[in-house]
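Below: one structure, written as structure tokens.
Heavy-atom basis, side chains included; hydrogens, waters and symmetry copies ignored. Indexing begins at 1, ligand by ligand and atom by atom, following the structure's order. Here, residue 1 is the first one in the sequence, and each next residue gets the next number.
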Amino acid sequence: AAEGADLMKATQLKARKKLLRFQRSKIHDWGLVALEPIEAEDFVIEYVGELIRPRISDIRERHYEKMGIGSSYLFRLDDGYVVDATKRGGVARFINHSCEPNCYTKVISVEGQKRIFIYAKRHIAVGEEITYNYKFPLEEKKIPCNCGSKKCRGSLN
Ligand SMILES: Nc1ncnc2c1ncn2[C@@H]1O[C@H](CN(CC[C@H](N)C(=O)O)CC2CN(Cc3cccs3)C2)[C@@H](O)[C@H]1O
């Protein structure tokens with residue numbers, strides 16, 4: 001019974017959203033920083049937003065560009081669907097890109113709904129900024145990357 005309780009506790013620890021703080025980032029404007037140590041493969045946070053169809057996301061993207069808020073609160077899924085965190089989103093929308101990220105994203109269908117979960121690739125120490133690879137498609141107009149990692153590709157797209 002004791003080891004069952006420990007297993008339960010360990011599972012909860014791994015699955016629980018981690019303590020994070022939204023603060024100025026060395027990479028870009030604002031970012032998310034770990035307030036507790038995070039182990040490899042631990043669940044960190046869900047990228048919460050509205051799941052929208054490709055056509056709707058094109059219309060919104062143009063609208064956001066015109067409004068000057070930049071379209072990168074849009075998290076594109078492989079099938080063209082987009083999770084839009086611009087209006088209704090969680091703090092995960094503030095996570096910055098790195099070419100050597102400490103987290104990775106996984107799209108999981110929960111009751112037919114696609115959701116984006118962010119996990120740690122490695123141990124993350126208190127105070128480290130949470131990052132994942134945006135995997136933006138290559139574009140002409142480059143967004144210079146400021147991740148500072150040795151293997152930085154120089155741009156996000
Ligand atoms: N490694 C990097 N190097 C350089 N720039 C980066 C990096 N990684 C994220 N970026 C920028 O961050 C946006 C992704 N953003 C993540 C959070 C951002 N730090 C924030 O404070 O809002 C969300 C978008 C929505 N936009 C609102 C704006 C706020 C200020 C100017 S536009 C930012 C991206 O589209 C980029 O422009």
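For D79, the CG atom is densely surrounded, since the number of other residues' heavy atoms within 6.0 Å is greater than 12. Heavy-atom contacts from other residues, nucleotides or ligands closer than 6.0 Å to OH of Y81 number 12 or fewer. Counting non-hydrogen atoms of neighbouring residues, nucleotides and ligands closer than 6.0 angstrom, the NE2 atom of H123 exceeds 12 such neighbours.
Within the listing of ligand 1, atoms 17 (C), 22 (O) sit less than 4.0 angstrom from a heavy atom of F94. Within the listing of ligand 1, atoms 1 (N), 2 (C), 3 (N), 4 (C) sit less than 4.0 angstrom from a heavy atom of N146. Interface atoms of ligand 1 facing P144, defined by a heavy-atom separation under 4.0 Å, are 3 (N), 4 (C). Less than 4.0 angstrom separates some heavy atom of I27 from each of these atoms of ligand 1: 1 (N), 2 (C), 3 (N), 7 (C). Atoms of ligand 1 found under 4.0 Å from any heavy atom of R93 (numbered from 1 in listed order, with element): 16 (C), 17 (C), 23 (C).
Taking the six-membered ring for Trp and the full ring otherwise, Y104 and Y119 have centroids separated by under 6.0 Å.
For C145, the heavy-atom gap to ligand 1 drops under 4.0 angstrom. Within the structure, the closest approach of C99 to ligand 1 does not fall below 4.0 Å when heavy atoms are considered.
For S25, no heavy-atom contact with ligand 1 is shorter than 4.0 Å. Contacts between T131 and ligand 1, counted as non-hydrogen atom pairs separated by less than 4.0 Å, are absent for every part of the residue.
Considering backbone and side-chain atoms alike, H97 places an N or O below 3.5 Å from some N or O of ligand 1. Considering backbone and side-chain N/O of S98, none are found under 3.5 Å from N/O of ligand 1.
Contact check for E129 versus I27: side-chain heavy atoms found under the 4.5 Å cut-off.
Salt-bridge annotation for E61 and K66: absent, with no side-chain N of the basic residue lying under 4.0 Å from a carboxylate O of the acidic one.
Ranked by closest heavy atom to atom 22 (O) of ligand 1, the top entry among F136, Y73, F22, W30 is Y73.
A continuous path of Ile, Leu, Val, Met, Phe, Trp and Tyr side chains, each step under 4.5 Å between heavy atoms, connects V91 with V44, placing both in one hydrophobic cluster. No continuous path of ILVMFWY side-chain contacts below 4.5 Å connects V48 to Y132, so the two sit in separate hydrophobic clusters.
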